[in-house]
Amino acid sequence: MTALPLRQRPAWMSLIRHFEEVHSLHLRDLFASDATRGLRLRAQAEGLYLDYSKNRVTDETLRLLFELARESELAEQRDRMFRGDHLNVSEDRAVLHVALRMPKEATLVVDGVDVVEQVHRVLERMTTFALAVRSGEWKGHTGKSIKNVVNVGIGGSDLGPVMAYEALRHYSRRDLTFRFVSNVDATDLVEALRDLDAAETLFIVSSKTFGTLETLTNAQSARQWLSERLGEDAVAKHFVAVSTNDVKVRDFGIAIENMFGFWDWVGGRYSMESAIGLSTMLAIGPEQFNQLLEGFHAMDEHFRSAPFEQNLPVIMGLLAVWNRNFLDCPTVGVMPYDQYLRRLPAYLQQLTMESNGKHVTIAGVEVDYPTGATYWGEAGTNGQHSFYQLIHQGTTIVPVDLIGFAKSLNPLGGHHDILTSNVFAQAQALAFGKTAEEVRAEGTADQIVAHRVMTGNRPTNVLLAELLTPRLLGSLVALYEHSVFTQGTIWGIDSFDQWGVELGKVLATQIIPELSAATDSELAHDSSTNALIALYRTLKKAGDTYGH
Ligand code: G6Q
């Protein structure tokens with residue numbers, strides 16, 4: 001990147017001056033002074049309608065933000081990503097999740113290899129396997145067909161699969177059971193397997209590195225569970241692997257013909273449409289999986305070709321920067337008004353926070369501005385009856401993405417209109433609030449008025465689509481991916497590494513033997529950690545009333 005440091009970019013300096021002029025503007029006034037605002041500040045692509053009019057921006061804010069994108073070389077960086085340049089500088093890797101969803105006829109040669117051809121070769125193997133399992137042709141060790149699929153993975157090797165399964169459950173084979181085991185807490189595995197018949201169960205061990213302690217621990221225990229019931233020879237028909245590491249897969253005891261590969265240029269949190277999506281393909285079938293890929297690809301093309309001013313990911317990314325760096329909002333809420341998307345907030349939490357939670361620029365220089373916000377959320381309308389109070393009246397401004405659909409996959413009475421009315425009503429309430437005069441006019445006693453005032457001026461994006469389909473899900477996820485990319489590019493950070501998760505893993509590895517050894521070793525940590533370990537050892541040895 002040759003862009004100037006962020007604070008020296010002319011558009012950034014203009015935005016700082018501009019903020020002084022607009023920071024006290026209220027959305028009430030912005031709407032009152034422009035009857036067309038809600039028709040102008042909107043954009044549409046690939047079945048997603050984005051209303052961003054309820055953000056605290058003026059036309060000038062937007063002009064400067066688009067200028068900032070240009071000065072930050074967003075187009076150049078985007079093109080470098082699509083070309084396969086090593087944008088993940090700290091790991092010296094290309095960032096090519098966009099290649100995972102390119103059509104078969106496309107080519108993309110990176111380091112002398114056509115990666116699209118590689119991708120489609122794996123997709124074909126996944127398809128053959130998925131068809132065999134779904135048709136019952138793939139038999140388990142005892143000759144029974146597969147009825148249960150258990151994905152064992154964590155982080156990027158879990159959140160995508162579980163989110164996609166939940167999101168597309170409507171399209172899934174209802175006679176197959178899907179479970180997702182991620183936590184090294186044995187409870188996760190034990191509860192997942194409790195009612196399953198081993199003879200009908202297939203394990204997918206999903207791990208890019210095949211070196212992740214949690215996943216390997218769960219996979220070993222799953223193998224033991226299976227072997228105890230069907231014998232060690234059963235592993236061949238009941239275990240498949242998704243990984244980039246064929247040596248470790250073989251060492252674990254899974255044959256290479258039962259391994260589905262991907263590549264180091266696919267980041268874990270960007271991998272749900274690679275072979276990591278095998279459970280998704282088993283659930284919804286290859287054709288619908290293909291539609292998911294088409295949805296991703298369509299949004300990629302939109303990001304690649306639409307002018308910034310009409311480009312959904314660019315607009316959302318720039319607004320996120322505005323809210324983070326100028327309105328000083330430390331968190332963002334993502335609220336899908338669709339029960340099937342209930343795991344989307346968790347998925348986006350990893351995508352956004354692992355990507356943009358960084359403290360140095362690509363050049364390794366400490367940033368002097370805030371980067372990635374904390375993302376969190378809950379499916380609507382549940383959140384409205386709990387934490388929305390703070391969003392409406394708290395002292396922290398929380399920008400919210402509200403995601404709604406015009407049609408329900410489960411039309412039932414008046415449910416869907418009630419649900420969707422809340423999407424629109426929340427955006428209205430957050431933007432316009434309720435003044436003291438309005439509260440008083442309702443006959444509220446003077447001493448209560450202040451409590452009932454809603455200041456409003458709280459930003460929202462509303463994303464509206466017709467129906468949740470595999471294709472739409474692909475476009476929606478790609479929209480967030482490229483919004484994350486836009487933010488990371490403005491901030492000049494490496495959105496594709498995750499060094500912050502390493503230290504805790506290393507320290508835990510040192511502590512494991514101190515907790516599990518038969519004899520208590522000397523402890524040489526800080527006094528707090530020493531005391532915690534000592535107490536753990538004592539409590540572990542003590543008998544309890546349940547006789548464990
Ligand atoms: C994602 C992260 C991380 C990763 C998990 C699992 O971007 O790198 O969440 O996906 O740590 O890693 P493995 O797939 O290698 O087991």
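Start at 1 and go down the list; that is how both ligands and their atoms are numbered.
For atom 8 (O) of ligand 1, the closest non-hydrogen atom on the protein side is Q498 CD, 3.6 Å. Nearest protein neighbour of atom 12 (O) of ligand 1, counting heavy atoms only, is T212 OG1, 3.5 Å. Of all protein heavy atoms, the one closest to atom 1 (C) of ligand 1 is E354 OE1, 3.2 Å. From the protein, the heavy atom lying nearest to atom 15 (O) of ligand 1 is T209 OG1, 2.6 Å. Nearest protein neighbour of atom 4 (C) of ligand 1, counting heavy atoms only, is G156 N, 3.8 Å. Of the protein's heavy atoms, I154 O, 3.2 Å lies nearest to atom 6 (C) of ligand 1.
Checked by distance only, ligand 1 and T215 stay at 3.5 Å or farther apart across all their nitrogen or oxygen atoms. For ligand 1, one of its N or O atoms has an N or O atom of Q350 under 3.5 Å away. Residue contacts with ligand 1: S157 is placed with a nitrogen or oxygen under 3.5 Å of a nitrogen or oxygen of the ligand (distance criterion only).
Between the side chain of R537 and the backbone N or O of E514, at least one donor-acceptor pair lies under 3.5 Å. Side chain of N183 to main chain of D188: no donor-acceptor pair is present (N/O by atom type, distance under 3.5 Å, no hydrogens or angles).
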Problem - Evaluation steps, ring pair (Phe, Tyr, Trp, His ring centres under 6.0 Å), between Y347 and Y480 - result: CA-CA 11 Å; Y347 177 82; Y480 276 94; 9.3 Å; no
Practice task
Begin with the C-alpha distance, continue with both residues' side-chain angles, and end with the deciding distance and a verdict on salt bridge (charged side-chain N to carboxylate O under 4.0 Å, His left out) for D264 and K208.
Solution key: CA-CA 8 Å; D264 73 352; K208 180 175 168 180; over 6 Å; no
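Those atoms of ligand 1 that come under 4.0 Å of a heavy atom in G268, given as number and element, are 1 (C), 7 (O), 10 (O). Close approach of ligand 1 to R269 (heavy-atom distance below 4.0 Å) involves ligand atoms 1 (C), 7 (O).
Ion pair R101/D300 flagged as a salt bridge, since at least one NZ, NE, NH1 or NH2 atom sits closer than 4.0 Å to an Asp/Glu carboxylate oxygen.
Residues E232 and S227 come closest through the heavy atom pair OE1-OG, 3.0 Å.
Between Y165 and F180, the ring center distance clears the sub-6.0 Å criterion.
Under a cutoff of 6.0 Å and an axis angle of 45°, K358 and W491 do not form a cation-pi pair.
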